[in-house]
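Step one of this worksheet: look at the structure below.
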Amino acid sequence: MNNVTYHAPHRHWLQNVLTCIRLGITLDRTGRRLDAAGVNHLKPPEDMALLFVHCPDAIDETARLSRVHFSLDQLRYNYPKRPSTLGRTKGRYNDGE
């Protein structure tokens, strides 16, 4: 319904050019693959409320999620713990098998 691909309406043509680069085609060969109407941008809350008039719970849930504090700096990869190979001779559990 919303399919946001750029932040502001005036970035519409830049998004279309990036789509062409990604697809390896020219603007005149894209057909329906572009956002020709320029509607895939972030919309203000009033516009979203109109888009979701039949699903008010979606707006409420979005408001609830907006209170979550998150930063990309918080992302870290947690490597799995590998069992130590110290003391192993044969077999998986150092039981001599």
Would T26 and C20 satisfy side chain to side chain contact (heavy atoms under 4.5 Å, CB included), going step by step from the backbone distance to the final call? CA-CA 6 Å; T26 58; C20 289; over 6 Å; no
Which is it for L72 and L75 under the side chain to side chain contact (heavy atoms under 4.5 Å, CB included) test, yes or no, and what are the steps along the way? CA-CA 6 Å; L72 290 177; L75 294 179; 3.9 Å; yes
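- Within the structure, ring pair (Phe, Tyr, Trp, His ring centres under 6.0 Å) pairs that include any residue of residues 60-79 comprise Y77-Y79 (at least two apart or interchain).
- Note that CG of N40 and CZ of R11 are 15.0 Å apart. Values are rounded to the nearest 0.5 Å.
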The test is side chain to side chain contact (heavy atoms under 4.5 Å, CB included); show your working for H12 and D35 and say whether it passes. CA-CA 7 Å; H12 156 248; D35 175 24; 3.9 Å; yes
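- One hydrophobic cluster, built from ILVMFWY side chains closer than 4.5 Å, holds both I59 and L51.
- With values rounded to the nearest 0.5 angstrom, L14 atom CG is found 10.0 Å from T5 atom OG1.
- For the pair D57/D60, a side-chain contact is recorded, criterion being any heavy-atom separation below 4.5 Å from C-beta on.
- Side-chain atoms of R33 and I25, non-hydrogen and from C-beta on, do get closer than 4.5 Å to each other.
- When each of T19, L23, V17 is tested with I21 by the rule side-chain contact (heavy atoms from CB on, under 4.5 Å), just one qualifies, namely V17.
- Of all heavy-atom pairs spanning F52 and A58, the tightest one is CD2-CB, 4.0 Å.
- Side chains of L27 and N16 form a contact here, defined as non-hydrogen atoms less than 4.5 Å apart.
- Clustering of Ile, Leu, Val, Met, Phe, Trp and Tyr by side-chain heavy atoms under 4.5 Å joins L42 with V4.
- Under the 4.5 Å side-chain criterion, counting only non-hydrogen atoms from C-beta, L50 is not in contact with V53.
- The line from NE2 of H41 to NE2 of H7 is 11.0 Å long, rounded to the nearest 0.5 Å.
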